[in-house]
Amino acid sequence: MNYDVTITIALKEGMLNPEARAIRHALANLGFPTEDLSTARLYRITLDAADVAAAEAEARQMCERLLANPVIHHYTIEVE
């Protein structure tokens with residue numbers, strides 16, 4: 001059965017995020033000051049799996065083996 005999986009990967013608290021800092025600075029220059037800003041990567045993947053648990057387990061392996069660095073990233077997985 002096909003499952004739509006959404007994986008969101010972001011930097012852990014305390015990690016430097018130069019991309020977010022640059023965006024926040026640019027927004028302030030445009031007149032949109034912000035208190036805080038962070039960035040994240042979003043992956044939408046369709047998987048063929050036996051059930052929701054199998055789809056989530058496969059997505060977790062993708063994160064641990066390629067998509068995320070567990071030292072600096074945290075991630076969430078949503079299966080539909």
Any idea which heavy atoms bring [X] and [Y] closest together, and the distance?
{"X": "L67", "Y": "R41", "answer": "O-NH2, 3.4 Å"}
{"X": "V5", "Y": "A59", "answer": "CG1-CB, 3.7 Å"}
{"X": "A49", "Y": "A55", "answer": "CB-N, 3.6 Å"}
{"X": "I45", "Y": "M62", "answer": "CD1-SD, 3.8 Å"}
{"X": "A68", "Y": "Y75", "answer": "CB-CD2, 4.0 Å"}
{"X": "T39", "Y": "A10", "answer": "O-CB, 3.9 Å"}

If only atom types and distance count, is the side chain of [X] paired as donor or acceptor with the main-chain N or O of [Y] below 3.5 Å?
{"X": "H73", "Y": "N69", "value": "yes"}
{"X": "D4", "Y": "E80", "value": "no"}
{"X": "R24", "Y": "E35", "value": "yes"}

key: Test side-chain contact (heavy atoms from CB on, under 4.5 Å) applied to V52 and Y3, step by step   = CA-CA 7 Å; V52 172; Y3 292 93; 3.5 Å; yes
Working to the nearest 0.5 Å, report the span between [atom1] of [X] and [atom2] of [Y].
{"X": "L27", "Y": "F32", "atom1": "CG", "atom2": "CZ", "answer": "7.5 Å"}
{"X": "H25", "Y": "L37", "atom1": "NE2", "atom2": "CG", "answer": "13.0 Å"}
{"X": "S38", "Y": "R21", "atom1": "OG", "atom2": "CZ", "answer": "14.0 Å"}
{"X": "I72", "Y": "L11", "atom1": "CD1", "atom2": "CG", "answer": "5.5 Å"}

task = Find out if a path of hydrophobic residues (ILVMFWY) with successive side-chain heavy-atom gaps under 4.5 Å connects L42 to V79.
result = no
ask   = Do T6 and I77 have side-chain heavy atoms sitting under 4.5 Å apart?
value = no
message = What I want to find out is whether R60 reaches E56 closely enough, with some N-O distance under 4.0 Å, to be called a salt bridge.
response = yes
